[in-house]
Amino acid sequence: DAGVIQSPRHEVTEMGQEVTLRCKPISGHNSLFWYRQTMMRGLELLIYFNNNVPIDDSGMPEDRFSAKMPNASFSTLKIQPSEPRDSAVYFCASSLTSGSRETQYFGPGTRLLVL
Amino acid sequence: AQSVTQLDSQVPVFEEAPVELRCNYSSSVSVYLFWYVQYPNQGLQLLLKYLSGSTLVKGINGFEAEFNKSQTSFHLRKPSVHISDTAEYFCAVSDIQGAQKLVFGQGTRLTINP
């Protein structure tokens, strides 16, 4: 079975440019999560969706970040404009249901470098 | 709110030696507990989780963890490590009654030396 798919795997961009990260969750999963991993702050939850609806976006750093989930099989995380401090690995994860006991399945991540 | 402390940022051990990775948590409510592993350049993968019942939980790859409520700990152990266990290990908690949010510790980098 295919796991969580993220694209691109690596992204290098210049400050001020728009960046779009993409995620395809595991088929049949109804919860989707976006995380950011940095050396300084570790793993942080940015936002999560349940049945395509954003449930908690309190981790989104600022208005430059936005996330959408137009359907059950696709989500995007957009940064506009990007800044060097956004450089990090961004993970998408999905889970079968919305319970807090559920296992989250992580994608391979997108490594973002903003110059 | 919950918080997770992984007491060791790095743990070097020799192959076939036992290892314990320590995790303590703080929470005003009951929590579920998880250990995830991250191999180099990969996403996180569940090793094991404690939901209820027996406090000793067995996971994949020969790992186990013990939930100690009085000490608010969930330490991860393996009796004999292999080179392939080299990875970063994350302890995490979620609120039993609350939202589906995982709070992660800072991670412990396990390095296995031959």
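In what follows, every chain begins at residue 1, and chains take the letters A, B, ... in the order their sequences are listed.
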| request: Tell me, out of Q97(B), Q45(B), K101(B), Q42(B), who's got the most heavy-atom pairs with chain A below 4.5 Å. | output: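 Option with the top pair count is K101(B).
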| Most contacts with chain A, counted as non-hydrogen pairs under 4.5 angstrom, among I96(B), L44(B), L46(B), V31(B) |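 The residue among I96(B), L44(B), L46(B), V31(B) with the greatest pair count is L44(B).
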When clusters are formed by joining ILVMFWY residues with side-chain heavy atoms under 4.5 Å apart, either directly or through shared neighbours, do [X] and [Y] land in the same one?
| X | Y | result |
| --- | --- | --- |
| V81(B) | L21(B) | yes |
| F106(A) | Y90(A) | no |
| F90(B) | V103(B) | no |
| Y39(B) | V19(B) | yes |
| L51(B) | W35(B) | no |

| message | Give me the atom names and distance for the closest heavy-atom approach of M39(A) to Q106(B). | response |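 Result for this residue pair: O-NE2, 4.3 Å.
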| query | Just wondering, do Q37(A) and F104(B) contact through their side chains at under 4.5 Å, heavy atoms? | reply |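 In short, these two side chains do not touch, never coming nearer than 4.5 Å.
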| Heavy-atom side-chain proximity of F34(B) to Q104(A) below 4.5 angstrom |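 They are not in contact (no side-chain heavy atoms under 4.5 Å apart), so the answer is no.
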| task | Output the residues of residues 6-33 of chain A for which the shortest heavy-atom distance to chain B is under 4.5 Å, in residue-number order; output 'none' if no such residue exists. | result |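 Within residues 6-33 of chain A, the residues under 4.5 Å from chain B are R9(A), S31(A), F33(A).
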| Under 4.5 Å, heavy atom to heavy atom, which residues of residues 42-66 of chain A contact chain B? |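 At a heavy-atom separation under 4.5 Å, chain B is reached by G42(A), L43(A), L45(A), Y48(A), D56(A), S58(A).
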| request: Would you indicate whether Q80(A), at its atom CD, is surrounded by more than 12 heavy atoms from other residues, nucleotides or ligands within a distance under 6.0 Å? | output: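 More than 12 heavy atoms, drawn from other residues, nucleotides or ligands, come within 6.0 Å of this atom.
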| said: With a 6.0 Å cut-off (strictly less than), is the heavy-atom count around CZ of R109(B), excluding the residue itself, greater than 12? | reply: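 No, the 6.0 Å shell around CZ holds no more than 12 heavy atoms from other groups.
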| said: Would the distance check show the side chain of Y32(B) and the main-chain N or O of E102(A) forming a donor-acceptor pair, the cut-off being under 3.5 Å? | reply: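 It does not hold such a pair.
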| field | Proximal component of Y50(B), with respect to chain A [non-hydrogen, under 4.5 Å] | value |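 Contact with chain A involves no heavy atom of Y50(B) at all.
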| message | So for R111(A), is it side chain, backbone, both, or neither that comes closer than 4.5 Å to the heavy atoms of chain B? | response |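 R111(A) touches chain B through side-chain heavy atoms alone.
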| Can you tell me how far OG1 of T103(A) sits from CG of L47(B), rounded to the nearest 0.5 angstrom? |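 These two atoms lie 11.0 Å from each other.
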